[in-house]
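These notes concern the structure reproduced below.
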Protein chains: 2
Amino acid sequence: MSDLAAALDIVGARWALLVVEQMLDEPKRYGDLQRDLGVPTNILATRLRELEVAGVLVRLPLRHNTRAYALTERGRALREAIIALGNWGAEEA
Amino acid sequence: MSDLAAALDIVGARWALLVVEQMLDEPKRYGDLQRDLGVPTNILATRLRELEVAGVLVRLPLRHNTRAYALTERGRALREAIIALGNWGAEEA
DNA sequence: ACGTTCCACTTGCATTTTGCAAGTATCTCT
DNA sequence: AGAGATACTTGCAAAATGCAAGTGGAACGT
């Protein structure tokens, strides 16, 4: 399996990279991600679980019964790839 | 829609980026892509059609009844993003 | 202490996408 | 005309995705 295939195995699923992008600047809560992305709630829950298992993000317990999702070092390492893809998407066809 | 979402709208489907990666160095034929990637043939046909419509690649008629698929300028512009993602995939967890 | 509210999910089911295997079309060469 | 090679298409099963409603637990007000 190529390096690219290995990467896509982790962040290639629908919504995965968009979720990571949201957290690049600061940790986000579940509701924030849902509102900002418009992602179906069951999919969001699934992605967060997968990305946590993959070591891309961690759950931070917050006060009340809320938690924040924050990128790990490995998650933050996606910044360059996300920016590169974003630049490409911004260019006109 | 964010720039990243726009990009994923085009190359976010399964196999799409892997197909583009294969053509970064040189044009490829249908059978080559199928063998090298192990992608289901109907999916490959669908992706090639989508990527052609999106202006990422073009069909080049070859002799016999074969054709080659080659990246356009827009397709080649994906190189940086693909390399960035590949690098990330190559790093250990 | 009890009900209400908020937040983070889960669950059930329809729709869409993906995958597998087999079949079709066209060209070339003999 | 027949055979082989290449590029697909087609039919159907499996898996992923999406939608809407429901669940569970902690905090807050009374």
Side-chain angles (χ1 to χ4, degrees), chain A residues 1-2 4-23 26-54 56-72 75 85, chain B residues 1-2 4-23 26-54 56-72 75 85:
Chain A
M1 186 160 74
S2 76
L4 180 60
L8 292 175
D9 230 46
I10 299 174
V11 293
R14 201 163 294 176
W15 298 106
L17 264 189
L18 292 168
V19 166
V20 173
E21 184 193 29
Q22 287 293 313
M23 305 193 298
E26 49 180 2
K28 291 283 176 98
R29 286 175 308 159
Y30 189 94
D32 294 335
L33 294 169
Q34 201 174 323
R35 259 187 310 279
D36 295 347
L37 290 175
V39 49
T41 176
N42 54 342
I43 305 295
L44 178 56
T46 301
R47 289 296 167 271
L48 289 173
R49 222 178 298 130
E50 293 165 347
L51 291 172
E52 187 186 13
V53 167
V56 171
L57 56 81
V58 289
R59 252 167 241 248
L60 301 178
L62 236 48
R63 53 182 152 195
H64 308 321
N65 62 337
T66 71
R67 10 197 165 305
Y69 291 92
L71 293 181
T72 61
L85 251 183
Chain B
M1 186 160 76
S2 76
L4 180 59
L8 293 175
D9 230 46
I10 299 174
V11 294
R14 200 162 294 175
W15 298 106
L17 264 190
L18 292 168
V19 166
V20 173
E21 184 193 30
Q22 287 293 313
M23 305 193 298
E26 51 181 0
K28 291 284 176 97
R29 287 175 307 159
Y30 189 94
D32 295 334
L33 294 169
Q34 200 176 323
R35 260 187 309 280
D36 295 346
L37 290 176
V39 50
T41 177
N42 54 343
I43 304 294
L44 178 56
T46 302
R47 289 294 167 273
L48 289 172
R49 222 178 299 128
E50 292 165 347
L51 292 171
E52 187 186 14
V53 168
V56 171
L57 55 82
V58 289
R59 252 167 242 249
L60 300 179
L62 238 47
R63 54 181 152 195
H64 307 321
N65 62 337
T66 71
R67 11 196 165 303
Y69 291 91
L71 294 181
T72 61
L85 250 183

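These numbers come from a predicted model, not from an experiment. By convention in this document, chain letters (A, B, ...) are assigned in the order of the sequence lines, proteins followed by strands, and residues within each chain are numbered from 1.
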Whole angstroms only, please: what is the [atom1]-[atom2] distance between [X] and [N]?
X	N	atom1	atom2	value
A:Ile43	C:dG12	CD1	C1'	14 Å
B:Gln34	D:dC8	CD	P	10 Å
A:Arg14	C:dT15	CZ	P	17 Å

Given [options], identify the nucleotide with an atom nearest to the side chain of [X].
X	options	result
B:Arg47	C:dT10, C:dT18, D:dT9	C:dT18
A:Arg29	C:dA8, D:dA20, D:dC8	C:dA8
B:Arg67	D:dA21, D:dA7, C:dA8	D:dA7
B:Pro40	C:dC20, D:dA7, D:dC19	C:dC20

Short side-chain to backbone donor-acceptor contact, B:Thr46 and B:Asn42, under 3.5 Å
yes
Verify whether one side chain among A:Tyr30 and A:Arg67 offers a donor that lies under 3.5 Å from an acceptor in the other.
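A:Arg67 and A:Tyr30 do not have a side-chain donor-acceptor pair below 3.5 Å.
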D:dA16 phosphate, OP1 or OP2, under 4.0 Å from A:Trp15 side-chain N/O
no
Considering just the side-chain nitrogens and oxygens of B:Tyr69, establish if one lies under 4.0 Å of OP1 or OP2 belonging to D:dC8.
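Yes, such a contact exists.
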For B:Leu18 and A:Ser2 the tightest heavy-atom approach is CD2-OG, 4.2 Å
Shortest non-hydrogen contact between A:Ala70 and A:Met23, atoms and distance:
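So the minimum-distance heavy-atom pair works out to N-SD, 4.4 Å.
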Classify A:Thr66 by what it touches in the nucleic acid, base, sugar-phosphate, or nothing, heavy-atom distance under 4.0 Å.
sugar-phosphate
Under 4.0 Å, heavy atoms only, any strand: does B:Arg49 hit a base, just the sugar-phosphate, or nothing?
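Sugar-phosphate: the residue B:Arg49, judged by heavy atoms under 4.0 Å, touches backbone atoms but no base.
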